[in-house]
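Reviewing the structure listed below.
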Protein chains: 2
Amino acid sequence: MTITRAERRLRSERRILDAARALFADRGFERTTIRAVAAAAGVDPALVMQYFGSKQELFSRAVQAVPTKEGEPGEARDLAGRMLETLGMKLGGLSPASLAMLRSMLTHPEAADAARTALGGQIDRVGAELPGDDARLRAALATSVLLGVTVGHQLLGLDPLRDAPREEIDRLLRPALLALLGERE
Amino acid sequence: MTITRAERRLRSERRILDAARALFADRGFERTTIRAVAAAAGVDPALVMQYFGSKQELFSRAVQAVPTKEGEPGEARDLAGRMLETLGMKLGGLSPASLAMLRSMLTHPEAADAARTALGGQIDRVGAELPGDDARLRAALATSVLLGVTVGHQLLGLDPLRDAPREEIDRLLRPALLALLGERE
DNA sequence: GTCTATACATAGATAGAC
DNA sequence: GTCTATCTATGTATAGAC
């Protein structure tokens, strides 16, 4: 019964964050208004400011993904397979937080930084597993490939990608990724 | 001497369009203001409105690329080679008009339409040259790959891509593209 | 602790002077 | 044909009532 003090606050905060993520993911930072977020969350616009202080801060909080649980699902086979699993996850249900970041990465400086950091991390991890002087470049290209497919599929909605089953995309993309990573089938 | 009527007008219009393209390409549609465009072009903000009627119309005009002169440069070898040449051109000097469109494609509906149309056209052209039922999907994936590299390199500025010479990117990307297009080396 | 009312800034668009 | 001045709308942010 006494749980109504911070309890209710956390509940509102969560609803606001969920609404913010959805709107940021759908329209990007600039076109998302505090008012719209508040309306979607069923709260007063002033409350959003009260909780988060600024639109930018709301965005930062909304974009903070859950701990990103590294490669827990598909038993991590080879490197290309793991990268494709990541993409598979992305093509299916990329988290709203990630979508929000990706949506704004070309136009909002803060989102661009977040994207560079996230992609840079993946490039470093992949590059560390590759031999050769051009390891980092190969890793960057492979990461960019997945970025391109994700953007085309999730954010631009290119029809051929939309219509294709995930396994089909996987099947066609795998040899390309293997070639890029310098692995032999 | 009598050339000062429409002549001067065209000159101003051109300066405005150039400034608009640069700003749209740099910051995207939302963050670009009529006032900033006018200042960069050295004209009055009201003049921009006088000429183009609205910010949206200015954007549309600014994004209209030159006739896109299809594949004139590198003597068009194989399909992968031609696609890479396009990318090569992109990595070097992608036109400000294209950059402006790409920059805003994730957040501005009009730019998204333009991007879908442009990419869809390329997918159709590439797909038409490929055999098999999955021709369009392969073409869409190949196009997305180049999109991803372009975005990573030109718009996000991923360091490993920035630092790499164009030929190196070409060399590493070619086998991947060949694999994707289903061609044999 | 939540909402009403409002201040303040920005920016797109317009009217009219020069 | 170009600029000054302004209108109007939107949206972030704040102050104060309940």
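Throughout, protein chains are lettered first and strands after them, A, B, ... in sequence-line order, and every chain is numbered starting at 1. Reckoned from all heavy atoms, side chains included, excluding hydrogens, waters and symmetry mates. In this text, all values refer to a predicted model and were calculated from it rather than measured experimentally.
- The CG-C1' distance, from B:D44 to D:dA5, rounds to 11 Å in whole Å.
- Ion pair B:R9/B:E13 flagged as a salt bridge, since at least one NZ, NE, NH1 or NH2 atom sits closer than 4.0 Å to an Asp/Glu carboxylate oxygen.
- The 12-atom threshold is not exceeded at CZ of A:R14, counting heavy atoms of other residues, nucleotides or ligands nearer than 6.0 Å.
- Between the base of C:dG1 and the side chain of A:R9 there is no donor-acceptor pair shorter than 3.5 Å.
- For the pair A:E7 CD and C:dG1 P, the computed distance is 13 Å after rounding to whole Å.
- Salt bridge B:D159/B:R162: absent, no basic N to carboxylate O contact under 4.0 Å.
- For D:dG11, neither phosphate oxygen OP1 nor OP2 lies less than 4.0 angstrom from any side-chain nitrogen or oxygen of A:R31.
- Taking atom OH on B:Y51 and atom P on D:dC3, their separation rounds to 8 Å, with Å as the unit.
- Using a 4.0 Å cut-off between a side-chain N of Lys or Arg and a carboxylate O of Asp or Glu, A:E85 and A:R82 do not qualify as a salt bridge.
- Nucleotides of DNA chain C nearest to A:S12 and B:T32 differ in position, and the one nearer the 5' end is that of A:S12.
- Atom CD1 in B:I34 sits about 9 Å away from atom C1' in C:dA11, given to the nearest Å.
- Distance from the side chain of B:L47 is smallest to D:dT2 among D:dT14, D:dT2, C:dT2.
- Contact of A:R35 with D:dT10 (side chain to base): no donor-acceptor pair of N or O atoms is detected under 3.5 Å.
- Distance CD (B:Q56) to C1' (C:dG12): 13 Å, rounded to an integer number of Å.
- If you take CE of B:M49 and P of D:dG1, they are 18 Å apart, rounded to a whole angstrom.
- When the P atom of D:dT12 is taken as reference, atom CD of A:E30 falls 10 Å away, rounded to whole Å.
- Whole-Å rounding puts the B:Q50 CD to C:dA17 C1' distance at 14 Å.
- Residue B:A46 places its side chain closer to D:dC3 than to any other of D:dC3, D:dA13, D:dT14.
- A salt bridge between A:D18 and A:R15 is absent, with no side-chain N of the basic residue lying under 4.0 Å from a carboxylate O of the acidic one.
- The nucleotide whose nearest atom lies closest to any side-chain atom of A:T33 is, among D:dA15, C:dT14, D:dG11, D:dG11.
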